[in-house]
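In this text the structure is predicted, and so the values were computed from the model without any measurement.
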Amino acid sequence: MASSLRGRVSELERQLQANTRQHQEALRQMEAAHAQRTRQLEADLQQLLSLNEELREHYAAQVHELQDQLLAEMRSHMDAVRQADAAAQAQRQQLLAELAQITESLNDQLADVRRQEAERTEVGRSMAERLEGEARTQELVVRGLPHAFFRPGQLAVFAEHLESVRTLMQTGMYDAAAAAADASLAELEILEVTVREDQREWEALFAEYRAMATCLRSTMDDFEREAVQTPLGAFRLSDEERDYWSRGQYAAVRAEVDQAWAMVEGVERAGSVGAFLSEGTAAKGTQLVRQITGLHHVSERMSAAMACIRSECSFSYGRMQLADIAEEVLMGQGYHVVRSEFRDGEPIDCYDLELTINGIDKATVTFVPCRTDGIVTRNACLVSLDMRTMVNDDYAARVAQGIVERLQGDEAFIGIEVTWVEEGEQARVAVERRHKAKPDPAALARKLERRYQ
């Protein structure tokens, strides 16, 4: 519409110019014709006026007539000019009126365009502001999530994209600002979904971790409150005693359990998993999986350490009890106790009961811990002799056999292997070593772990 009006304006301008040229040409032609007639009349008049006075009088009427014709020509020319000017002016007025009408229409259209542009600009600004506001709100939502833990650096990049929206709006580029805000909003929404999914997966792993850590902690706390059952009664153990019976393994496991529990306490102190993750000290997903696997191994080592403590402590008191019973039985047969004690003062080792009849010949009853997979499973009894006064093998055999039979005859020795080591001290040491091995909870832990391999 505006283009067609502008075309009409150009056409009218050409018509006005053409009208002006035509009018000027008409005036020029009228002026030329008037000038020619006037010159002719003036020439005729001058010719008559140049005659002598007698002739001038004779032609006086013609002179007056020529003068009247000149005046009439002048008046006629002026009237024609006025009429031509009036006609040209009327045509120009018609064209100018049409131009004015077209100009008014163009102005109306321009005002309408400006109004539409203003409305479009306002819509663009409103949309850009709305989308920027939504993106800012979304940014706050993401900032409330542990985004730095799962997706480090991403929020900073997206926040920088969002800042470009403000710059575009300040320069009036509202459509571009709205597009940038919409893109930033989409980025932040995707980041929120991604972080929430990462957190959900981490929480699922942590639930397993927490359950295992809680179970381990509870089991160890219960064990430490437990009174270990022995043949001589139930006893509450100190930390030092648990460490002794487990050969240091229990303290090491306890430290690992405490370390595992520290992450559970960290979540509780933070108030939520999200707040804890935002601190940035938690294990990543793959690390958490390895830690869960590690807790399974800790569980086996814990079970092995507690089994070791219970068995070593119980069988140690059992060796002491057997030694007391053996002492009572053999003293009734005329033996006298020379020595009754744990080897090197170590309750976890053999218990030696040394006796004599004549003060010279000696019999040693040794209660040996027999271990399988590093854990004591039973006690064995070894009898050895050190005969100084009698070197007769048959006599020594009778003495040893008598001790073995008397011990086996007591109900306390039911199920206890009683063996005479007749080959001498070196053989006794070898038999002892074969029976007792060394306490090693780690060996039992390795056996337990093989169940899951």
Side-chain angles (χ1 to χ4, degrees), residues 230-233 245 247 308 310-440 443-444:
T230 75
L232 299 181
W245 293 117
R247 310 316 283 166
C308 184
R310 291 188 181 105
S311 62
E312 292 291 347
C313 183
S314 178
F315 280 105
S316 176
Y317 278 98
R319 292 192 293 278
M320 184 187 298
Q321 181 192 44
L322 290 172
D324 290 341
I325 294 171
E327 179 180 333
E328 184 179 350
V329 170
L330 294 177
M331 284 181 66
Q333 300 299 316
Y335 286 92
H336 303 284
V337 176
V338 175
R339 180 171 60 87
S340 179
E341 61 186 5
F342 282 106
R343 182 84 50 83
D344 297 326
E346 293 289 345
I348 205 166
D349 205 345
C350 298
Y351 194 100
D352 294 321
L353 175 62
E354 188 177 324
L355 308 104
T356 184
I357 291 179
N358 55 21
I360 298 174
D361 298 323
K362 296 179 181 178
T364 302
V365 180
T366 302
F367 298 95
V368 182
C370 300
R371 296 186 174 90
T372 302
D373 296 318
I375 303 296
V376 62
T377 56
R378 62 189 178 87
N379 286 324
C381 178
L382 303 181
V383 178
S384 59
L385 300 177
D386 183 12
M387 307 298 289
R388 305 292 180 86
T389 61
M390 298 294 295
V391 294
N392 185 289
D393 290 342
D394 290 338
Y395 177 77
R398 287 196 301 273
V399 171
Q401 191 63 35
I403 293 174
V404 170
E405 290 176 355
R406 289 185 183 92
L407 293 178
Q408 289 179 333
D410 192 282
E411 64 178 7
F413 280 80
I414 295 175
I416 302 297
E417 177 187 353
V418 182
T419 305
W420 172 40
V421 183
E422 57 181 311
E423 289 84 359
E425 178 66 16
Q426 188 173 359
R428 182 189 64 77
V429 172
V431 173
E432 274 188 23
R433 187 179 296 114
R434 185 171 65 252
H435 276 79
K436 71 178 183 179
K438 68 175 182 178
D440 184 12
L444 178 59

* To do: Check whether any side-chain heavy atom of Asp386 lies under 4.5 Å from a side-chain heavy atom of Thr364, and answer yes or no.
  => no
* Structure fact -> Shortest non-hydrogen pair, Val399 vs Tyr335, comes out as CG1-OH, 3.5 Å
* Asked: For Gln333, does the CD atom sit with more than 12 other heavy atoms under 6.0 Å from it, leaving out its own atoms?
  -> yes
* **Test item: Met320 and Phe367 side chains (from C-beta on) under 4.5 Å apart, heavy atoms** => no
* Between atom CD1 of Ile325 and atom CG of Leu353, what is the distance when rounded to the nearest 0.5 Å? -> 12.0 Å
* Please report the closest heavy-atom contact between Trp245 and Pro347, naming both atoms and the distance. => CH2-CB, 3.5 Å
* Euclidean distance, Glu327 CD relative to Leu355 CG, rounded to 0.5 Å -> 7.0 Å
* Considering non-hydrogen atoms only, spot the tightest contact between Glu417 and Thr419 and give its length. => OE2-OG1, 3.3 Å
* Asked: Checking Ser314 side chain against Ser311 main chain: does a donor-acceptor pair fall under 3.5 Å?
  -> no
* To do: To the nearest 0.5 angstrom, please state how far the CZ atom of Arg343 sits from the OH atom of Tyr351.
  => 12.0 Å
* Answer yes or no: is there an ion pair linking Arg247 with Glu312, defined by an N-O contact shorter than 4.0 Å? => no
* Between the main-chain N or O of Phe315 and the side-chain N or O of Asn379, is there a donor-acceptor pair closer than 3.5 Å? -> yes
* Side chains of Asn358 and Thr389: closer than 4.5 Å at any heavy-atom pair? -> yes
* Check whether any side-chain heavy atom of Asp361 sits under 4.5 Å from a side-chain heavy atom of Leu385, and report yes or no. => no
* Note, Val421 side chain near Thr366 side chain (heavy atom, < 4.5 Å) -> no
* Taking all non-hydrogen atoms of both residues, which atom of Ala396 and which atom of Met387 are closest, and how far apart? -> CB-CG, 4.3 Å
* Heavy atoms, side chains only, cut-off 4.5 Å: are Phe413 and Val329 in contact? -> no
* Asked: Looking at side-chain heavy atoms only, is the closest gap between Cys381 and Leu407 below 4.5 Å?
  -> yes
* **Under 3.5 Å: donor-acceptor pair, side chain of Arg388, backbone of Lys362** => no
* Structure fact -> So CD of Gln321 and OG of Ser316: to nearest 0.5 Å the spacing works out to 12.0 Å
* To do: For residues Thr230 and Cys313, determine if any side-chain heavy atom of one lies less than 4.5 Å from a side-chain heavy atom of the other.
  => yes
* Test Val365 against every option in Val404, Val418, Leu382, Leu330 by the side chain to side chain contact (heavy atoms under 4.5 Å, CB included) rule and name the one that passes. => Leu330
